[in-house]
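Reminder, nothing fancy here: chain letters follow the sequence lines and each chain counts from 1.
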Protein chains: 2
Amino acid sequence: MNILVAEDEIGISNFLKQGLEEENYIVTVASDGEKALRLALSQSFDLLLLDWMLPKLSGIEVCRSFRKSGRTAPVLFLTAKDTVQETIEGLKAGANDYIKKPFSFEELLERIKVQFRSAVTENASYMLGPILLDKEKHQVFIDDREVYLTQKEFSLLEYLIKNKGTVCSRSQIIKEVWNIHFDYESGVIDVFINSIRKKLGLRKEEDYIKTVRGIGYIANEI
Amino acid sequence: MNILVAEDEIGISNFLKQGLEEENYIVTVASDGEKALRLALSQSFDLLLLDWMLPKLSGIEVCRSFRKSGRTAPVLFLTAKDTVQETIEGLKAGANDYIKKPFSFEELLERIKVQFRSAVTENASYMLGPILLDKEKHQVFIDDREVYLTQKEFSLLEYLIKNKGTVCSRSQIIKEVWNIHFDYESGVIDVFINSIRKKLGLRKEEDYIKTVRGIGYIANEI
DNA sequence: GCTCATTCTTAAGATTTACTTAAGACTGGC
DNA sequence: GCCAGTCTTAAGTAAATCTTAAGAATGAGC
């Protein structure tokens with residue numbers, strides 16, 4: 001799990017980085033708001049831990065911009081600004097939790113875990129008809145025969161199966177699988193869908209990945 | 001949105017009930033832990049607001065049992081137990097947030113909203129009789145059976161259902177669905193209405209899309 | 001019940017969108 | 001820096017949708 005910590009006081013950020021890394025999180029530190037936002041938008045973090053008062057761009061502005069870009073990763077404020085009004089402002093800006101300094105590191109950890117909880121319970125393998133996708137081992141089987149998929153092919157299939165039964169639009173796919181958060185027109189998705197279908201070797205009438213014209217694709221138990 | 005409040009002090013529970021109802025939540029109050037758990041398991045609440053100390057069964061036990069049953073609705077503790085250890089215990093038991101008394105009602109409201117945020121945004125669906133139109137997933141169901149509509153069919157049906165109960169003129173439809181903002185005579189709309197009706201497979205007497213001769217069409221609960 | 005205007009239905013051509021292939025760009029490991 | 005594997009772009013082909021138009025059906029008014 002990747003966590004971005006935005007904190008200008010080096011003492012605190014070191015403390016957080018070390019503590020979180022001991023819990024096996026991968027931590028990136030940004031020392032001002034601009035850097036934090038740039039990182040948050042360019043990489044894909046699983047959680048943002050923001051101080052309110054940051055040089056150049058405040059934490060609350062970072063949070064607002066991040067949400068405005070359509071990203072849904074949890075955001076936690078960790079700040080000395082402790083009034084009710086500030087808490088509310090932080091939550092309204094799109095934060096998922098608001099923790100006041102001084103804080104207990106243990107409590108912070110637990111509150112971070114709360115954010116990941118639903119994601120963790122998530123099954124490590126998915127099924128779709130005869131297709132078995134093992135997220136952990138990064139393997140795909142069809143009727144017990146292994147099919148080798150590349151990284152992107154795997155992510156795309158995973159996304160479709162995770163959302164089986166619901167149509168996934170091209171823009172959603174580009175967002176979630178390619179991490180491109182602006183309008184983007186290209187035939188990439190088509191090429192990968194084609195390649196997945198070929199590798200899975202399904203005949204047209206038994207295709208578990210159906211095209212939804214004008215929208216995107218849908219994975220479905222036939 | 002249905003909220004279950006488990007609180008034995010009648011002053012607090014009345015205050016919460018009234019305040020939340022003003023915000024248009026539907027509130028059920030349980031005065032002890034056993035009642036709370038029974039209600040939580042038998043009905044489907046969108047959120048649980050638990051006091052820690054409750055007669056018969058503590059809030060934390062209610063939370064554990066609730067989670068054990070596989071339910072995922074958010075649980076918030078609202079309690080006077082304010083140590084770090086208690087907070088952690090509450091969160092570990094499966095709570096999504098832990099608010100310490102005395103609390104600001106405004107902050108409580110905001111923290112409740114945080115829990116609903118993701119759920120609310122994705123609720124872009126309309127209903128018309130047995131027809132369910134999910135804007136986000138771009139899917140249409142009739143009596144739980146999915147019907148595939150093309151792009152234009154979908155937009156047209158969406159427009160009619162969005163305006164159900166009021167007649168939509170041909171020129172309005174051409175404007176809103178086809179984005180043609182000048183006078184335009186053609187049979188396009190008829191063709192699409194026909195195709196939608198056919199796909200929905202409704203008999204004439206149960207047609208939810210009625211023709212208004214000389215004007216246009218109207219979607220109506222029969 | 002007849003007439004005329006309006007709407008329904010169908011089918012064929014135009015248009016848009018997706019599929020497939022192949023070539024070039026990129027990337028990580030050696 | 002090179003190679004092998006992977007990703008992306010682009011262009012031609014295939015397929016589905018959208019539009020138009022024309023004849024059939026329907027309903028309102030006389």
Side-chain angles (χ1 to χ4, degrees), chain A residues 42-44 138-140 147-160 167-180 182-219, chain B residues 138 140 147-160 167-180 182-219:
Chain A
S42 60
Q43 285 180 243
S44 122
H138 226 275
Q139 280 175 309
V140 176
V147 172
Y148 181 76
L149 295 189
T150 69
Q151 193 92 340
K152 273 272 149 66
E153 289 162 358
F154 189 90
S155 310
L156 176 51
L157 182 60
E158 179 190 342
Y159 182 71
L160 289 174
V167 178
C168 304
S169 72
R170 279 154 186 280
S171 69
Q172 281 175 324
I173 292 172
I174 278 288
K175 252 194 210 143
E176 297 296 322
V177 180
W178 269 263
N179 253 299
I180 293 172
F182 47 87
D183 262 10
Y184 183 66
E185 302 273 311
S186 107
V188 215
I189 297 173
D190 312 35
V191 173
F192 276 84
I193 289 282
N194 177 244
S195 146
I196 292 172
R197 281 177 175 155
K198 230 195 267 179
K199 287 192 180 178
L200 294 179
L202 298 167
R203 273 169 301 121
K204 203 161 194 196
E205 60 276 18
E206 56 169 12
D207 197 348
Y208 290 86
I209 301 172
K210 287 196 197 70
T211 305
V212 182
R213 212 147 204 288
I215 315 294
Y217 298 90
I218 181 172
Chain B
H138 239 280
V140 175
V147 172
Y148 278 92
L149 295 189
T150 68
Q151 191 101 301
K152 274 271 149 65
E153 290 163 358
F154 190 91
S155 310
L156 176 52
L157 182 59
E158 180 190 341
Y159 182 71
L160 290 174
V167 178
C168 304
S169 72
R170 280 155 186 280
S171 69
Q172 280 176 324
I173 292 172
I174 278 289
K175 253 190 213 147
E176 297 296 322
V177 180
W178 270 263
N179 254 299
I180 293 172
F182 48 86
D183 262 12
Y184 183 67
E185 300 277 310
S186 106
V188 215
I189 297 173
D190 312 36
V191 173
F192 276 85
I193 289 284
N194 176 244
S195 146
I196 291 171
R197 282 177 175 153
K198 229 195 268 179
K199 287 192 180 178
L200 293 181
L202 297 167
R203 272 168 302 121
K204 206 159 193 197
E205 60 276 19
E206 56 169 11
D207 196 347
Y208 289 85
I209 301 172
K210 287 196 195 73
T211 305
V212 182
R213 253 180 110 83
I215 315 288
Y217 299 90
I218 181 172

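Distance check, rounded to the nearest 0.5 Å: CD of B:E158 to NE2 of B:H138 gives 7.0 Å.
Residue A:Y148 is in sugar-phosphate contact alone, with no base atom involved, counting any heavy-atom pair closer than 4.0 Å across all strands shown.
Following rounding to the nearest Å, A:L149 (CG) and D:dT6 (C1') show an atom-to-atom distance of 13 Å. The CD1-P distance, from B:I180 to D:dC18, rounds to 13 Å in whole Å. The separation between A:I189 atom CD1 and D:dT8 atom P is 11 Å, rounded to whole Å. Note: NZ (B:K199) to P (C:dT9) measures 15 Å, nearest angstrom. Distance, A:E185 CD to D:dA11 C1': 17 Å, rounded to whole Å. Across the protein-nucleic acid pair, A:L156 atom CG and D:dC7 atom C1' stand 13 Å apart, rounded to whole Å. The distance from atom CH2 of B:W178 to atom P of D:dT17 is 15 Å, rounded to the nearest whole Å. In this structure, the CZ atom of B:F154 is 13 Å from the P atom of D:dC18, given to the nearest Å.
When the ring pair (Phe, Tyr, Trp, His ring centres under 6.0 Å) test is applied to A:F192, the partners found at least two apart in sequence or on another chain are A:W178. Remark: A:R197 engages A:D207 in a salt bridge (Lys or Arg N to Asp or Glu O under 4.0 Å) (not counting sequence neighbours). Shown here are the side-chain hydrogen bond (donor to acceptor under 3.5 Å, both in side chains) partners of A:Y217, two or more places apart in sequence or in another chain: A:R170. For the salt bridge (Lys or Arg N to Asp or Glu O under 4.0 Å) test, no residue two or more places apart in sequence or in another chain qualifies with B:K175.
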Practice item. Assign a letter to each nucleotide of nucleotides 11-30 of chain C from its 5' end: B, base within under 4.0 Å of a protein heavy atom; S, sugar-phosphate only; -, no contact. Key: ------BSBBB---------

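Smallest separation of non-hydrogen atoms from A:S44 and A:N179: CB-ND2, 3.5 Å. Considering all non-hydrogen atoms of both residues, B:E153 and B:Y148 come closest at OE1-O, 4.3 Å.
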Exercise for review: Could you walk me through whether A:L149 and A:L156 pass side chain to side chain contact (heavy atoms under 4.5 Å, CB included), step by step?
Suggested key: CA-CA 10 Å; A:L149 295 189; A:L156 176 51; over 6 Å; no

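Contact annotation: B:S186 reaches the phosphate of D:dT20 (side-chain N/O to OP1 or OP2, under 4.0 Å).
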Practice item. For DNA chain D, produce a single dot-bracket line, 5' to 3'. Pairs: Watson-Crick or G-U wobble, both distances under 3.5 Å. Symbols: ( ) within strand, [ ] crossing, | other strand, . unpaired. Key: ||||||||||||||||||||||||||||||

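A distance-only check finds no donor-acceptor pair linking the side chain of B:S195 to the backbone of B:V191 [under 3.5 Å].
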